[in-house]
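Data first, discussion second: the structure below is written as structure tokens.
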Amino acid sequence: MFAILCVFIAGLNHDYYNCRSTSCLARICLRFWTHCLSISTLSDYLGPSFHGFEGKKKKVDIEHLLQYCFSARTVRKVHARLVVSGTLQSVYVSTRLINLYAHLGDLCFARKTFDNIPSRDSYTWNSMIAAYVRTGCSREALNCFSELVSSSQVPPDNYTFPPVLKVCENQIDGKKLHCLVLKLGFVWDVFVAASLIHMYSRFGFPADARNLFESMPFRDSPSWNAMISGYCLNGNLAEALNFVGKMRLGAINLDSVTIASILPVCAQVDDFLGGVLIHLYAIKHGLEHDVFVSNALINMYAKFSRLQLAENIFDKMFAKDLVSWNSIISAYEQNDNPVRAIELFREMKCHGFQPDVLTLVGLASSVAQLGDCQNSRLLHGFVLRRTYLMDSIIMGNAVLDMYAKLGLLDCAQKVFEDLSAKDIISWNTLITGYSQNGFASEAIDAFCKMESCEDTSPNQGTWVSVLPAYSYLGALQQGMKLHGRIIKMPFHLDTYVGTCLVDMYGKCGRLDAALSLFYEIPRISSIPWNAIISCHGIHGHGRVSLKLFQEMQRERVDPDHVTFLSLLSACSHSGLVDEGQWCFHVMQEEYGIRPSLKHYGCMVDLLGRAGLLEKAYEFIKGMTLRPDASIWGALLAACRIHGHIELAEFASDKLFAADSEHVGYYVLLSNIYANAGKWEGVNEMRSLASSRGLKKTPGWSSIEVNSKVDVFYTGNKSHPQVDRIYRELRIRTEEAKSLGYAPDYSFVLQDVEEDEKEHILSSHRQGVHLQSSTTPDHRSYEGG
DNA sequence: GTAGGGTTAG
């Protein structure tokens, strides 16, 4: 074998030695050496061949060969030979071994090597500390640093401080390190200074970082980058951008780090053009193929929903890493294309990448978007096996969010309870899950539990998650108490929190309060406009909704698809047929928004409610999308109002062909039959629904008295004061009748006598306005 | 032979 090696080497033309053959040769040599040939023997045989090593005239030795160890296994073999040959006495060789082990991820052997060195020099200490930092063992790194300081073998030097500063845990320790740096005279080392700047920024002291930066006699681009990343950490995006500008004015080249830091800022401040200019700069300076730059570009383009641009970058990358795959997967996931996200996940696995926490976070969201309950459980199982749920709070929250979005609240609750640590986002996710699935009371319960936790305090997201629950119950007084608390907080004029408050006042009927609050919060996005337009529509003030829309146009705020849903619904509930049709036209022609099934549904409702049944039917026939159950349902509801049995039967055929699982439609058709006195049809619908295992959910209403919400629903008399309530109701009905009130019995859809009909109408009894919403329970809530 | 600043998230 050795003879073959010699022939191979002799056959190489030394003038054309390329790196590949050098590397290959070195590895073969290593192999022989670990099999007990001495280095001098190797050198004697191969000497001339090695002089070509990377063009340097260097004597071959084991230290030189160490750089060709590409696996921890090889290093261990070399290590064993070094111990046998006695070469390990050299601090230099041992330190190199520590670094090799650390780079190959074998921290245990790095430490063993470190422990066995009789006298360590500064390189040894620095290498061991850096090894801990690189592998994320912060505590061990800090302990090692303390050991160095107390051992007095060698003092820490300028190479010691950067890694230690990177992992120090608080500003007080950071300050102590800064004092030591000053004492030892390393403050003007650019590496140490950049680390100090970053440390001060990390702990929220940007002024200290700035002072240090200003006092530096010489600044290189990493010093500037430390300032820029520091401003990003502290959320001062304007100053981060300002520093990039200053760098360019000072003729300091932006490097790949600057670009990777600033691209996310362009996305956050919604500056697409700025982002493209940075991209062009990267191309011009040959930086676009840097992995960090490419990844940052993918993420930026994804945030601007420019998926084609993101995918172009991804495709052109020479070397993709896990972050590249995670970025492109979440790009599709966040732009409502979960199918492509999952496809890319499969491709990623084919390329030999193992998913990490962030891959699975993106995947959990994709699975939720697809409504895929089966895969959600598979994902949960996978995450559990990898112990990610125990190790990562983000992963736990993502699984919780997945179950909440799928409406599997029991699973969500279980995941929440099993979380090894809960943060405010865990609570917010649970509260949002309840709130968005109609479990308002559970949402409020969870909020109250969160408030009783000492180590957790609500943030903006908490208010956004819990306020809709109060709106849902119409709990105005309790909502106002929350408003009272929010107003004292620095973010009380936040668009999202403000919009939730506007929505709460609006839904609870306080349109005046909703409107005055609306004019206090920022109105540059469509979000608050949608809320104020919608709540006026709900209460039948369609013309006000239209006026607000005109105001929105004057303020040059771009409406979105939700704005038009709110407008169409407002017009529908106010009988504004022409205005509704105008909105539908403007949406497409002026704003280029393609109508969704929801918009079509609103239009059918608008025409149908106004009695234009034929026109509504013609409208459905002209649709560019295939009508689903909701469209036929809207037509059916209109037929019910206007008693058009023939069209109702046609619509119901279409409806049940599209969706036979929605109980609301059975109830609707049953009510149509009842209205027409066709009681056999009513019975048929009821038995059909029950034979398919569908249960109707009762309608409900609520009232808030003295910050206490009472919920009533049909067929239930469990309220402790039920007798008093109905006595009062009878008195009020008599009073109303004496003033000329005549009950409209067409809403009583049961085959009973007139006096019974009146009783049904004036109480919460089964048969009146059956709804398919989720039923709240009838517990009461004390004000928070 | 040892060191700084960077990309993805619920």
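All heavy atoms count here, side chains included; hydrogens, waters and symmetry mates do not. Numbers restart at 1 for each chain; the letters A, B, ... are given by sequence-line order, proteins then strands.
Closest to the side chain of A:Val323, out of B:dT7, B:dG6, B:dG4, is B:dT7. Side chain of A:Asp189, nearest nucleotide from B:dG10, B:dA3, B:dG5: B:dA3. Checking B:dT8, B:dA3, B:dG5 against the side-chain heavy atoms of A:Ala226 singles out B:dG5 as nearest. Checking B:dA9, B:dT2, B:dG5 against every side-chain atom of A:Gln334, the shortest atom distance belongs to B:dA9. Distances from the side chain of A:Pro162 to the nucleotides B:dA9, B:dA3, B:dT7 place B:dA3 closest. Side-chain proximity of A:Val257 to the nucleotides B:dT7, B:dG5, B:dG4 is greatest for B:dG5. Listed candidates were B:dA3, B:dT2, B:dG6. Nearest to the side chain of A:Tyr123 is B:dT2. Here the nucleotide nearest the side chain of A:Ala398, chosen from B:dG10, B:dT7, B:dT2, is B:dG10. You'll find that the side chain of A:Ser261 is closest to B:dG6, out of B:dG4, B:dG10, B:dG6. You'll find that the side chain of A:Ser229 is closest to B:dG6, out of B:dG10, B:dG6, B:dG4.
Classified by interplanar angle (parallel below 30°, tilted 30° to 60°, perpendicular above 60°), the ring pair A:Phe353/A:Trp325 is tilted.
Looking at heavy-atom distances under 4.0 Å, A:Val357 makes no contact with the nucleic acid at all. Using a 4.0 Å heavy-atom distance criterion, A:Asn158 is classed as a base contact. Nucleic acid contact for A:Ile393: base, since at least one base atom lies under 4.0 Å from a heavy atom of the residue. If you check every strand for non-hydrogen atoms under 4.0 Å, A:Asp255 touches a base. At a threshold of 4.0 angstrom between heavy atoms, the contacts of A:Glu333 with the nucleic acid are absent. Residue-level contact check: A:Ser127 touches the backbone only, with heavy atoms under 4.0 Å from sugar-phosphate atoms and none from bases. Counting any heavy atom pair closer than 4.0 Å across all strands shown, A:Asn326 reaches a base atom. Across all strands shown, A:Lys405 has no heavy atoms under 4.0 Å from either base or sugar-phosphate atoms. Residue A:Thr359 is out of contact with every strand shown, counting any heavy-atom pair closer than 4.0 Å.
The number of heavy atoms from other shown groups lying within 6.0 Å of NZ (A:Lys246) is above 12.
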Practice task
Check step by step if side-chain hydrogen bond (donor to acceptor under 3.5 Å, both in side chains) holds for A:Gln413 and A:Tyr434.
Solution key: CA-CA 10 Å; A:Gln413 174 74 43; A:Tyr434 280 133; 2.3 Å; yes
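In this structure the side chain of A:Thr160 never reaches within 4.5 angstrom of the side chain of A:Trp125, judged on heavy atoms. Between A:Ser71 and A:Leu104, every side-chain heavy-atom pair lies at or beyond the 4.5 Å cut-off.
If you measure from atom CG of A:Asp391 to atom C1' of B:dA9, you get 16 Å, rounded to the nearest angstrom. Between the CG atom of A:Leu177 and the C1' atom of B:dG4 there is a distance of 15 Å, rounded to whole Å. Atom CG in A:Leu287 sits about 17 Å away from atom P in B:dG6, given to the nearest Å. Taking atom CZ on A:Phe161 and atom C1' on B:dG4, their separation rounds to 14 Å, with Å as the unit. Separating the CG atom of A:Leu363 from the P atom of B:dG10 is a distance of 13 Å, rounded to the nearest angstrom. Protein atom OH of A:Tyr132 is 16 Å distant from nucleotide atom P of B:dA3, rounded to whole Å. One interatomic measurement links the two molecules: CE of A:Met128 to P of B:dA3, which rounds to 13 Å at whole-angstrom precision. Atom C1' of nucleotide B:dT7 and atom CG of A:Leu322 are separated by 12 Å, given to the nearest angstrom.
Relative to the ring axis of A:Tyr281, A:Lys284 does not place its NZ or CZ within 45° and under 6.0 Å from the centre.
Where stacking is scored as ring centres under 5.5 Å apart with planes under 30°, A:Phe292 does not register as stacked on the base of B:dT7.
Residues of residues 416-434 of chain A having a heavy atom closer than 4.0 Å to DNA chain B, listed by number: A:Asp423, A:Ile425.
Taking side-chain N and O atoms only, A:Lys166 has a distance below 4.0 Å to OP1 or OP2 of B:dG5. A close approach under 4.0 Å does not occur between any side-chain nitrogen or oxygen of A:Gln268 and OP1 or OP2 of B:dT7. Contact annotation: A:Arg134 does not reach the phosphate of B:dT2 (side-chain N/O to OP1 or OP2, under 4.0 Å).
For a distance-only test at 3.5 Å, the side chain of A:Ser195 fails to qualify as a donor-acceptor partner of the base of B:dG4. Looking at A:Asp121, its side chain comes within 3.5 Å of the base of B:dG1 through a donor and an acceptor atom. Between the side chain of A:Asn225 and the base of B:dG4, no donor-acceptor pair of N or O atoms lies under 3.5 Å.
A salt bridge is defined here as a Lys NZ or Arg NE, NH1 or NH2 lying under 4.0 Å from an Asp or Glu carboxylate O, and A:Arg202 with A:Glu169 fails to meet this definition. Note on A:Lys320 versus A:Glu347: no salt bridge recorded, every NZ/NE/NH1/NH2 to OD/OE distance being 4.0 Å or above.
Panel note: side chain A:Ser426, backbone A:Asp423; a donor-acceptor pair is recorded below 3.5 Å.
There is no side-chain donor-acceptor pair under 3.5 Å between A:Asn143 and A:Ser146.
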